[in-house]
Colleague: 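Handing you this structure, nothing more for now.
Letters go in sequence order (proteins before strands), and every chain restarts at 1. Heavy-atom basis, side chains included; hydrogens, waters and symmetry copies ignored.
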Amino acid sequence: MRHPPYHLRPNKAVDRFLLVSLLNVLRKYEGVDLRDYTYYGFGGPFLEDCRLLHEYNPEIKLVSLEHDNDTYKRQEFHRFSRHIEILNNSLMNFLTDFESKGRDIFWLDFTDFKLERFNEYMTVLNKVGDLSIVKITLRAQLDENPFKREPASRELEKDIENDKQNYLEEFRAKYGKLLRRPLDESCFSRQSIYLQLIQDMLRVKTEQALPAAAQANVFQVLNSSFYADQTYMLSVTGIVCTINQIEIIKKHFRSWQYANLDWKEPRRIDVPILSVKERLHLEKLLPSETKGKDLAKALGYEIDRDHKESQRKMRYYNDFYRFYPSFVKVIF
Amino acid sequence: MPEKKFSNGNKQVDATPVKSFFVSMLTRDITLPYAILDLLDNCVDGILRTTNSGHGNTPYKGFKAEIDFDKDSFCIHDNCGGIPWNLSDYAFRMGRPAGRGEKLIGTVGTYGIGMKRAIFKIGKNCSITTKNGKDSYEINITPKWILDEGDWRLPVERAKQSMKEDGTTIVIDKLYPGISAQFGHDKASFEADLTDKIATHYAFIIEKGFSVYVNQVAVKPRPTSLLFADPDRKTKKAIRPFIYKTNVDGVSVFLTVGFTRPIPSQEEVQDEQEEKKYSSLGAGWTVLCNDRAVLYCDKTEVTGWGEAGVPNYHTQFIAISGIVEFISDDPSKLPTTTTKRGINSSSSLYLQVKNKMREGMLLFTQYTNKWKTDIKQSKDHMRSGRALRLQEIKQVASNLSFMPVKGVIGGEQYKPSLPMPKPIEPNRIRISFVRKKHEIQLVGTYLFEDAEASASKIGERCFDEILKEAKK
Ligand SMILES: Nc1ncnc2c1ncn2[C@@H]1O[C@H](COP(=O)(O)OP(=O)(O)OP(=O)(O)O)[C@@H](O)[C@H]1O
Ligand SMILES: [Mg+2]
């Protein structure tokens, strides 16, 4: 089993920290005691998510799920505590027998995009109790497709037109029940619209799993983020609660800097790659009073393509610097 | 005859209808999206009343309906001619009084209940504003009126706002909690559901020019098209749909069934069963009554699957799709239920037509069964096929030679002759076996440098290689 180079994924690290940050807000919610919570995640070979959670919230019980046997062994090798439970099992198998004891935090940290993933997500939503946190990450990269192709000639134009129709048809055949609006060209030609499409699909699936009309549990979205370390990923996090709790929960989370309580556009995470020395240099300016503009100047050189791009990255750095991974600490 | 007296001395019993019956019982027979489709039906009926014709390719062009909703209210606004004042005495009554002599062609309104049922399903307060020529008026249904068992009259007012075009606006608020949940918290999934229902049930009407918007987004139609090989030429053996048509007792019937796509390979069938890739979404029968789909892609006995020699629906029949169209100036002759989203399966006309549906379908299930072991060859048959919509099939049909059909409902049919394989040599045997996925990928990479190569391709190559060895 091959894994992407984790230490080259600073944005993913930020996404991980976002969960920690969210739990810090949740902790203060009336009636919540993080000791009642169990975290379920796909830790990957180094169990980074579990490790991070353990560091900040040692009271949360940890379970790691891994279906690949070698990766599982590798996780055992990287076990950092006796208390973490490392299971060699697939998600669906695990869920079939899963009975929630208390409250749960699920991170369905998928790396692909498939109909199956939506169904697994739905199963989780249906199995967890109220005030559980569910986070799902899906691949949201706009792949090569006929909408991105430029016809080289007149004849090809017709072929491409055909391919486009087939592409839409196939997507609709697969995901039709999750489409909030009719598909059109822009869904597959513009990354931002594709992200919105996937977020909408997640929302539809969420509502199908926990319909408000059933007057049982519902799902309140708390955060939606996307990033591209190499490929675009979309990460949506929310809380399962009763419909009566919604207003109180919204009020509680409204002041959280990263809150997205109405399925608004997902927030981009795009932090620059900075050395420890650079980060120390910037420290005294943080948090920035100019949305990162001063940070972009402070180093005396551009950290990206041009000034505009450097400034953009610094803005994200300002947004997320507290979550910036310190790899020195993680890699040993 | 001696007068009958009961112990309590009454000479009559009370049989006046109970309002709450209409409000809470009738509305149970219909789901929310279908109740909304009833309102759209009325728009289309309104168009027919205005233009007096449903003929031509785009009889509904220029007409639209806009549906908007949120947790507090629901609104449907159309420019479809409005409700004429002379209809108003009927339009707001529950049920259609006998002898209401409106001569209307090709509508679907039959029972005089659709609009009211939809309103009562959604909320407790409603205003209906309509403009038809010089007539422009407004009617309000209030929670008080709904609770008042004695009062069956509704006050009419001059419209407060003047409307630009002839049309109708229905605004409903004081929504019932379950409805408000669907329009509010579950908005995205309800939009998905409603849009899907409109895109399928209204596919043919939208194709013919009508526009429908759901929360400001135009719905795109999803009509079925069938593969038709060389529609412009005479061919012997080719993939073409089966067609049957007839005219009985003021109802004209047009039926066609065929392939929408190449038949699936074993792998595709399996993928679909595991919900991985393909989907049966577009397979099965669609039944149209005066342009409206009352059944969409049905795969049950209602449309003949699993009856009289036709196999049960199975993913291997994913490519088979059929359309039956019933058209009548008198909607009560159409074989549909009161909700108009289902078939009245005891209708004798429908039962007769269903025979033909099964007969046509059988051609394609048999073809599928015969060719499923030779997908490649079958794909070649399909290659020359053009995907034709219902309207196009009708046009092409005028050049085909039809055979008269005997029987109660008569009519005529076109029976394509589909290519049939030579019988499989008896000395050929199928091999199939199961191996670990990663091992297959490994062999795939080894043979084709492609971990995703299909399992059957890999299996065949392995066999062929060893066969070569063995023959040496
Ligand atoms: N938006 C509209 N535009 C034009 N006419 C309308 C509209 N809404 C309702 N009407 C007319 O009002 C009358 C009552 O409609 P309603 O749906 O209650 O009964 P129906 O259509 O006659 O029968 P059914 O119960 O079968 O639908 C019908 O004549 C209908 O055509
Ligand atoms: Mg009607």
Side-chain angles (χ1 to χ4, degrees), chain A residues 1-2 67-70 92 112 114-120 122 162 165-166 168-185 196-197 199-221 241-243 246-247 250 262-263, chain B residues 31-32 71 175-200 203 206 212-222 224-225 260-262 264 268 271-272 274-283 297 318-319 386-387 436-438 451:
Chain A
M1 192 88 179
R2 285 173 60 198
H67 63 105
D68 181 75
N69 193 254
D70 282 311
M92 252 327 187
D112 53 6
K114 282 183 182 172
L115 191 59
E116 259 172 296
R117 302 295 172 240
F118 288 90
N119 294 332
E120 289 163 339
M122 179 164 184
N162 227 338
Q165 284 318 314
N166 291 339
L168 286 184
E169 212 38 67
E170 201 171 305
F171 194 90
R172 193 157 36 223
K174 242 187 280 182
Y175 300 111
K177 292 273 175 255
L178 300 178
L179 300 178
R180 180 178 182 187
R181 307 202 165 104
L183 292 172
D184 62 31
E185 298 243 343
Q196 188 65 51
L197 172 74
Q199 180 176 301
D200 273 347
M201 290 167 71
L202 276 174
R203 178 172 172 190
V204 169
K205 194 70 187 183
T206 307
E207 293 172 4
Q208 287 171 352
L210 300 174
Q215 295 185 338
N217 278 344
V218 292
F219 179 88
Q220 170 59 51
V221 64
C241 60
T242 64
I243 197 140
I246 281 198
E247 284 314 312
K250 276 186 161 175
D262 311 293
W263 295 99
Chain B
T31 62
L32 181 57
K71 70 179 197 330
L175 307 182
Y176 290 104
I179 305 290
S180 168
Q182 291 184 70
F183 288 166
H185 189 276
D186 299 342
K187 189 175 195 172
S189 60
F190 189 73
E191 279 175 353
D193 189 14
L194 183 63
T195 303
D196 181 63
K197 295 257 165 25
I198 297 172
T200 51
I206 298 176
V212 183
Y213 297 83
V214 173
N215 287 333
Q216 276 111 54
V217 181
V219 178
K220 289 189 190 161
R222 298 223 308 270
T224 310
S225 27
T260 54
R261 43 156 282 166
E268 283 171 308
D271 275 359
E272 152 77 7
E274 290 166 18
E275 261 199 301
K276 270 204 251 148
K277 204 151 175 223
Y278 294 87
S279 152
S280 293
L281 235 50
C297 290
I318 199 166
R386 262 208 293 146
K436 290 207 180 83
K437 190 171 169 184
H438 70 265

Colleague: Counting neighbours of NZ on B:Lys220 that are heavy atoms of other residues, nucleotides or ligands and sit closer than 6.0 Å, is the number greater than 12?
Modeller: yes

Colleague: So which heavy atom on A:Ala213 is nearest to which on B:Gly178, and how close?
Modeller: CB-O, 4.0 Å

Colleague: I need the minimum non-hydrogen distance between A:Leu210 and B:Asp186, along with the two atoms involved.
Modeller: O-OD1, 4.3 Å

Colleague: What are the two closest heavy atoms between B:Ala218 and A:Pro182, and how far apart are they?
Modeller: O-CG, 3.2 Å

Colleague: Quick one: closest heavy-atom pair of B:Ala192 and A:Leu179, and the distance?
Modeller: CB-O, 3.1 Å

Colleague: Among B:Ala181, B:Ser180, B:Ala188, single out the residue with the greatest number of heavy-atom pairs under 4.5 Å to chain A.
Modeller: B:Ala188

Colleague: Could you tell me which portion of B:Ala199 (side chain, backbone, both or neither) has an atom closer than 4.5 angstrom to a non-hydrogen atom of chain A?
Modeller: neither

Colleague: Are more than 12 heavy atoms, taken from residues, nucleotides or ligands other than B:Tyr213, located less than 6.0 Å from that residue's OH atom?
Modeller: no

Colleague: Non-hydrogen atoms of chain B under 4.5 Å away: do they reach the side chain of A:Ile246, the backbone, both or neither?
Modeller: side chain

Colleague: Pick one of side chain, backbone, both or neither for B:Asp196, based on which atoms fall under 4.5 Å of a heavy atom in chain A.
Modeller: side chain

Colleague: Are the side chains of B:Arg261 and A:Glu169 in contact, using a 4.5 Å heavy-atom criterion?
Modeller: no

Colleague: Scan A:Lys177, A:Glu207, A:Arg203 and name whichever one has a side chain to side chain contact (heavy atoms under 4.5 Å, CB included) with B:Ser189.
Modeller: A:Glu207

Colleague: Nearest 0.5 Å please: distance from the CZ atom of A:Arg181 over to the CD atom of B:Gln216.
Modeller: 9.5 Å

Colleague: For B:Val217, which atoms come within 4.5 Å of any heavy atom of chain A: side chain, backbone, both, or neither?
Modeller: side chain

